[in-house]
Amino acid sequence: MADTTGNTSDKATGTPHGPDSAPRKSSWRYIGPGIVVAATGVGAGDLVATLIAGSNFGYTLLWAAVLGCLVKISLAEAAGRWHLSTGRTLFDGWASLGRWTTWFFAFYVVIWGFSYGAAAMSSSALPLQALFPGVMDLEWWGVACGVVGLVFVWFNKYAVFEKVMTVLVGVMFVVTVYLAIRVAPNLGDAFAGLLPVIPDGDDSILNTLGLIGGVGGTITLAAYGYWVNAKGWADTGWMKVMRLDNRVAYITTGVFVVAMLFVGAELLHAANIALSGGGKGLVQLGDILEDEYGTATAKFFLIGFFATSFTSLIGVWHGVSLMFADFVTRLRDKRAGKAEEIASGEHERSWPFRAYLLWLTFPPIVLLFQGEPFRLVIIYGVLGAAFMPFLALTLIWLLNSSRTPAEWRNGWLSNGMLAVAGLLFLVLCVKEIWDQPWADFF
C-alpha cells in the first residue's frame, strides 16, 4: 500500500536502525509474508462466496470483490506498520489498551481454534476424497490433513514454511487463472462490474457488504505482523519492503477472487446453477467442470481446491500458534512482546506454540466424527464476526496514540480506510449476532 502515514520526510521513508540491518529500497526478492497471508486468508469459503456472488449477480459485484481487497490491504499494512515502527508485537499493543483485550483474545483463540481446526481439516479432506474415491472416509482424510499440517509446522521454521506456501500459491494461481480463461469471460461486462452498483433483491446491501468483508482473511490479517517479524524484518528499515509485500498479497488475493467470480458469472449464472455453501460447493463445481470440460479439467481444479484449503490450514497452524505463543509469553513476563523475539525464531520452538498446534489438531478431531455442537457453532460465529471490528478499531487506537512513534502514526488515508473497515465489520458483526437462533441457544 502507499504511504498512509502522511509523512514524506526522509525519516519516514524507512532508514535501518543499524548500518546493514535492512535494505533502503523495496525489492521483489524479499517478498514472502504477503504470499503467506494471501494463501492463508483465501480459503474454500472465500472462493465459494465469490462463486455464489457470480452465479447470483453475474459481474455486478466485481467492484465489491476489488474493494474487499483494498480494505484488507489497509488492515494488514497497519498491523505490519505497528510491528516494525514500535518493535513490539500486536498482542503487546492490545495489552496496553487494557485487560479486556487479554480476556477477549483468550476466549476467542480457544473457542475459535477448536472450531476452525475441524473446519480446516474437513475442507482439506473434501478434494482429496473426490480425487481418490473409495480410499478412506472423509473424516479420516481430515485427520490425515490435520496431522500432516501439525508435523510440517512442528518440525520446520518459517523459511521452509514460506517456501512451501509459495509453491502452493503458485498452484492456486495457475488453476484459478486457467479456469477464468477457460470459461471465456465477457470482458465488457466485467469492466462494467467495476462500477459500484447494488443489485436488486432482498438483503442485497448486506450480501454486498458480506462479499467485501469476506475477501481473504480474518485473524490471519493480525498474524501478518508476526510473519513479517518471523521473516526477520524487525525495524523501520523494512517498512518499504513490507508495503510492497502487502500489495503483492492482495493483488494475488484479487486475482483469485476475480477469477472465481468470472467462473461463477460465466459457468453458473447463465445456467442458473446454485452451489452449496462451504467446501461442498467446490466439490459440486468440480462435477460441473467435468460435465462441461472433461475429467482432466475437473481433476486440475480439485488439485487447486486442495492447495487452497491446505494453505489455509498450515497458515493458521503456524500464524495463530505464533500469536498464541506471544500471548502466553506476554502474560508470563510483562517485558516480553518484542518483535526481535519473533524474528529470532524462539517462539516457533516454544511450548505454547506447540501446545496450540496440538489444540488446533487433536481436540477438533472429535468434531469431525460427531459434528459441531449447536451452541459451539453459535459462539464460533459470533466470535469470528467480532474479531474483525476488534482488529480494525484497536489498530486505529494504537496507531493514533503516543504508543506509535510520531512519524509512523496514521495519516488521513489510513485512518479513513481503517474507519471504513471498522464500520463494515461492525455492521456484519451485528448482522451475525442478530441472525443467530438465540431462542434455541438457552
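Here the CD-CG distance, from Glu77 to Leu399, works out to 8.0 Å after rounding to the nearest 0.5 Å. The OG1 atom of Thr50 sits 10.0 Å away from atom CG of Leu61, with the distance rounded to the nearest 0.5 Å. With values rounded to the nearest 0.5 angstrom, Trp141 atom CH2 is found 14.5 Å from Leu368 atom CG.
Taking 4.5 Å as the limit, some side-chain heavy atom of Val147 sits within range of a side-chain heavy atom of Phe362. By the 4.5 Å heavy-atom criterion applied to side chains, Val109 and Phe114 are not counted as neighbours. Inter-residue side-chain proximity for Thr102 and Phe91 is flagged as met; some heavy-atom pair is nearer than 4.5 Å. Within the 4.5 Å cutoff, no side-chain heavy atoms of Ile35 are placed close to those of Glu162. Annotation: side chain of Arg247 is not in contact with side chain of Met242 (no heavy-atom distance under 4.5 Å).
The residues Lys431 and Asp435 are annotated as salt-bridged, a charged nitrogen and a carboxylate oxygen being separated by less than 4.0 angstrom.
The ring-ring contact (aromatic ring centres under 6.0 Å, His included) contacts involving residues 61-84 comprise His83-Tyr226, where partners must be two or more places apart or lie in separate chains.
Under the ring-ring contact (aromatic ring centres under 6.0 Å, His included) criterion, Phe107 pairs with no residue, sequence neighbours left out. In this structure Phe301 satisfies the ring-ring contact (aromatic ring centres under 6.0 Å, His included) test with no other residue, sequence neighbours excluded.
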Under the side-chain hydrogen bond (donor to acceptor under 3.5 Å, both in side chains) rule, what do Tyr158 and Asn229 come out as? Steps first, then yes or no, please. CA-CA 10 Å; Tyr158 175 80; Asn229 291 156; over 6 Å; no
Kindly determine whether Phe256 and Leu261 satisfy side chain to side chain contact (heavy atoms under 4.5 Å, CB included), including the steps that lead there. CA-CA 9 Å; Phe256 292 152; Leu261 191 137; over 6 Å; no
Is there a side chain to side chain contact (heavy atoms under 4.5 Å, CB included) between Phe105 and Met323 once you walk through the steps? CA-CA 10 Å; Phe105 182 78; Met323 294 183 69; 3.9 Å; yes
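Using cut-offs of 30° and 60° on the angle between ring planes, the pair Trp233 and Trp238 is parallel. Taking the six-membered ring where the residue is Trp, Trp112 and Tyr108 present parallel rings, their angle staying beneath 30° rather than reaching 60°. Using the six-membered ring where Trp is involved, Trp94 and Phe387 have ring planes that are perpendicular, over 60° apart on the 30 and 60° scheme. Classified by interplanar angle (parallel below 30°, tilted 30° to 60°, perpendicular above 60°), the ring pair Trp397/Trp100 is parallel.
Here the side chain of Glu341 pairs a donor or acceptor atom with the backbone of Gly337 at under 3.5 angstrom. Although no hydrogens or angles enter the test, the distance criterion places no donor-acceptor pair under 3.5 Å between the side chain of Ser309 and the main chain of Phe306. In this structure, the side chain of Thr40 engages the main chain of Val36 through a donor-acceptor pair within 3.5 Å. Of the possible polar contacts, one joining the Thr252 side chain to the Val248 backbone as a donor-acceptor pair under 3.5 Å is found. At least one donor-acceptor pair closer than 3.5 Å links the side chain of Thr311 to the backbone N or O of Thr308. Between the side chain of Thr404 and the backbone N or O of Leu398, at least one donor-acceptor pair lies under 3.5 Å. With hydrogens and angles disregarded, a donor-acceptor distance shorter than 3.5 Å links the side chain of Asn246 to the backbone of Ile73. Between the side chain of Ser123 and the backbone N or O of Ala120, no donor-acceptor pair lies under 3.5 Å. Proximity of a side-chain donor or acceptor of Asp245 to a complementary backbone N or O of Gly32 within less than 3.5 Å is detected. Put simply, the side chain of Asp92 never gets that close to the backbone of Thr89: no donor and acceptor are under 3.5 Å apart.
Shortest non-hydrogen contact noted between Leu418 and Ser74 is CD2-O, 3.9 Å. Closest of all the heavy-atom pairs between Ala125 and Cys145 is N-SG, 4.1 Å. Of all heavy-atom pairs between Ala78 and Leu395, the closest is CB-CD1, 3.9 Å. When all heavy atoms of Tyr356 and Val320 are compared, the closest pair comes out as CE2-CG1, 3.5 Å. Residues Val263 and Leu179 share a closest heavy-atom pair of CG2-CB, 3.8 Å. Pairing each heavy atom of Thr208 with each of Ala64, the nearest pair is CG2-CB, 4.0 Å.
Aromatic ring centroids of Phe353 and His347 lie 6.0 Å or more apart.
Ser414 and Arg81 are linked by a side-chain donor-acceptor pair at a separation below 3.5 angstrom, with hydrogens and angles left out of the test. In the model, Ser96 has a side-chain atom that pairs as donor or acceptor with a side-chain atom of Arg403 under 3.5 Å.
With respect to Cys69, the side-chain contact (heavy atoms from CB on, under 4.5 Å) criterion is satisfied by exactly one of Thr253, Ile212, Ile251: Thr253.
Annotation for Phe104: atom CZ counts as buried by contact number, over 12 foreign heavy atoms lying within 6.0 Å.
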